[in-house]
*Asks:* 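Below is the structure I would like to discuss, written out as structure tokens.
Nothing here was measured: the structure is a model prediction, and the numbers come from that model. Values below: all heavy atoms of this structure, side chains included; hydrogens, waters and symmetry mates excluded.
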Amino acid sequence: MKALVYKDFDGEEFIYNDDTGMIFPYDPKLLSVMEHGKSQSANYMDRYYANLIGNLQNHTIQVPRNVDSIETHLHTNGFSQLTLKVTEQCNMRCKYCIYSEHYPDTKFYSEVYMKWETAKKAVDDFLSHFHRTWERNKTRKPVIAFYGGEPLLGFDVIKKTVEYVKSEYSQYCFNYSITTNGLLLKNKDIANFLKENGFWIVVSLDGTKDNHDRYRVTRGGAPTYDCLMEIIEENFSFYKSIYSVCCYDVTSDLVALTEFYEKNDRRKGGKFPAVLRASRINGAFTDFYDNISQEQFIAHRKQLDMLQEKYLEYVVANKIPPIFLSLLFSQIFVSISERVKFFSDSAFYDCCCGACVPGDKLFVESDGVYKICEKTNMQGLEIGSVDKGFCFAAAKNAICAYNDCILAKCKECNCSRLCSLCYASIKTFPALELDGSDYCERTIHWITECLAAYTSVEKKGQKLNFSNGIAGMADIYTPHNIV
């Protein structure tokens, strides 16, 4: 069994068992049983621990499902969202964008636009599969999302797609979503169309003016913050389903961002679109951080440690943490506190991991090729196309390759249940390779630190609610089936 020994903030040792998700006070006999298997010792405690671990394993060890049953799985639980990459072009040149020169392994901006015929074929194919899941559960709502580049540059395709599904597939209750830089929302026709059709509008807005304008600029290098805030004030003051997502890097002032959202987020009575996600600028497949000094990384780490401590103070006091702190820390602590639940006897993977099943969602490139999601950049990981349809064999092959090349190592890891590793972290296919030789080392270090923090507060005997502050974050405004 996989065991991770760590110390909490008080120096007390614990054992985290990844196979079961259980945490135990440190005992060398228990650790020996975990690491070496069933004990033949006559010692009572040795046999007690061996029986305990054996019983826990019988109830919680993940049993992978035969990948040949993937079609049954997807036609029961899959095909929840269709995402169309409307174009690979953009009217901005954000310095951290995956289309920029900092990400050499991904595509660069191009004049490729999705044709209406491609979008129509993708919709028809997706809904032919969705219908089978809908027949089992008619409360399900299909989600159609639009992505880019900047998707509003291809507004005609967006408009035709919505009009088409409303006309030809009126039996379903659709949810629509779009991720946009926001500049083209100034156009009244576009703004009104999105509002009239109940779009869930996600605008990339990086919080404070300083944090936003240093990276999110026009093609000519001009800042965009003031322009975007004017557009939102003019066209979306009373529209509830407009949100923001924030990106930050190691040089961002996280304290200032925390204070900003507490004063300006709509949920706090401000005018700033409610922030749904805070994401550190991706460090995979990039040279973006090459010019960041060690001192800057250390300062960033100190900021995070200080803010995590404040977040935990709110949790222990059973108070709702500040919005930005919840976005920074809740996910990992919810994963730890609910770790025993993160197990499924219907999984297709050889051990617990963060990967979805190809086909749960469907991402369509501008040229009509199907990918697992918008975050996967490698070539070769296609799972169909608008001309050939969704390929269950390709989805199965992706899972098998992931099991063979990635999870073969994860099965020996002592914290895979808490790891968010997925296809987006993979560099090549079919011989899958992680980005960076230290990926696992960094992840284990981070998880160990979070386990130490969690145990330090949880052992006080209180019922801690790490979801406090995020449970209502999306459903205040969000259609409940948006993925």
Side-chain angles (χ1 to χ4, degrees), residues 89-102 109 146-153 155 177-188 190-191 194-195 199-282 288-289 292 296 300 303 307 322-328 473 477:
Q89 190 51 268
C90 188
N91 53 345
M92 288 178 61
R93 287 297 181 267
C94 302
K95 298 174 184 178
Y96 56 67
C97 181
I98 63 168
Y99 286 96
S100 73
E101 67 276 10
H102 292 297
Y109 303 101
F146 300 93
Y147 198 75
E150 171 47 51
L152 289 176
L153 289 171
F155 177 66
S177 172
I178 189 167
T179 301
T180 173
N181 62 42
L183 291 181
L184 293 177
L185 295 175
K186 184 177 180 66
N187 183 304
K188 293 285 187 182
I190 291 176
L194 299 182
K195 289 187 288 187
F199 265 71
W200 196 59
I201 305 169
V202 181
V203 183
S204 297
L205 268 169
D206 292 346
T208 62
K209 177 178 170 65
D210 288 344
N211 193 55
H212 179 94
D213 278 345
R214 64 199 181 111
Y215 290 138
R216 300 195 61 82
V217 296
T218 66
R219 287 187 180 187
T224 58
Y225 186 87
D226 290 338
C227 176
L228 287 172
M229 293 310 297
E230 289 176 8
I231 291 170
I232 291 168
E233 177 69 18
E234 181 178 351
N235 288 341
F236 297 93
S237 289
F238 302 102
Y239 188 64
K240 288 186 175 182
S241 296
I242 185 167
Y243 307 94
S244 64
V245 289
C246 172
C247 286
Y248 66 92
D249 71 351
V250 299
T251 64
S252 296
D253 188 339
L254 303 183
V255 174
L257 286 169
T258 301
E259 295 171 350
F260 172 84
Y261 286 112
E262 288 306 288
K263 293 178 181 178
N264 298 286
D265 191 282
R266 285 190 177 185
R267 287 159 294 187
K268 298 293 183 176
K271 296 182 179 180
F272 199 88
V275 60
L276 294 181
R277 186 176 69 249
S279 302
R280 177 172 152 170
I281 294 170
N282 191 1
F288 182 83
Y289 288 108
I292 301 297
Q296 288 173 306
H300 176 68
Q303 266 199 106
L307 292 174
I323 291 170
F324 193 66
L325 296 190
S326 290
L327 293 174
L328 287 178
M473 189 164 288
Y477 305 122

*Asks:* Ring centres under 6.0 Å, that's the criterion: do Phe288 and Tyr215 meet it?
*Replies:*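 Judged by ring-centre distance (under 6.0 Å), Phe288 and Tyr215 do meet the cut-off.
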
*Asks:* Would you please name every residue forming a salt bridge (Lys or Arg N to Asp or Glu O under 4.0 Å) with Asp210, sequence neighbours left out?
*Replies:*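 With sequence neighbours excluded, Asp210 shows a salt bridge (Lys or Arg N to Asp or Glu O under 4.0 Å) to no residue whatsoever.
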
*Asks:* Salt bridge (Lys or Arg N to Asp or Glu O under 4.0 Å): which pairs involve residues 245-255, sequence neighbours left out?
*Replies:* Arg214-Asp249

*Asks:* With distance as the sole criterion, is a donor-acceptor pair present between the side chains of Arg216 and Tyr96 under 3.5 Å?
*Replies:*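 There is such a pair between these side chains.
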
*Asks:* With a 6.0 Å cut-off on ring centres, are Phe260 and Phe324 close enough?
*Replies:* no

*Asks:* For Val203, which residues count as a side chain to side chain contact (heavy atoms under 4.5 Å, CB included) partner, sequence neighbours excluded?
*Replies:*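 In terms of side chain to side chain contact (heavy atoms under 4.5 Å, CB included), with neighbours along the sequence ignored, Val203 is linked to Thr180, Leu185, Ile201, Leu205, Ile242.
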
*Asks:* Does a sphere of radius 6.0 Å around CZ in Arg277 hold more than 12 heavy atoms from other residues, nucleotides or ligands, not counting ones at 6.0 Å or beyond?
*Replies:* no

*Asks:* Could you work out, with salt bridge (Lys or Arg N to Asp or Glu O under 4.0 Å) as the rule, every residue matching Glu262, not counting sequence neighbours?
*Replies:*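 With neighbours one apart ignored, the set is Lys268.
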
*Asks:* Would you say the side chains of Asn235 and Lys188 form a donor-acceptor pair under 3.5 Å?
*Replies:* yes

*Asks:* Any side-chain donor-acceptor pair under 3.5 Å between Asn181 and Glu150?
*Replies:*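 Side chains of Asn181 and Glu150: pair found under 3.5 Å.
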
*Asks:* Sorted by first residue and then second, give each salt bridge (Lys or Arg N to Asp or Glu O under 4.0 Å) pair with at least one member in residues 217-230; sequence neighbours left out.
*Replies:* Lys209-Asp226

*Asks:* Quick one: list whatever passes side chain to side chain contact (heavy atoms under 4.5 Å, CB included) with Lys263, sequence neighbours left out.
*Replies:* none

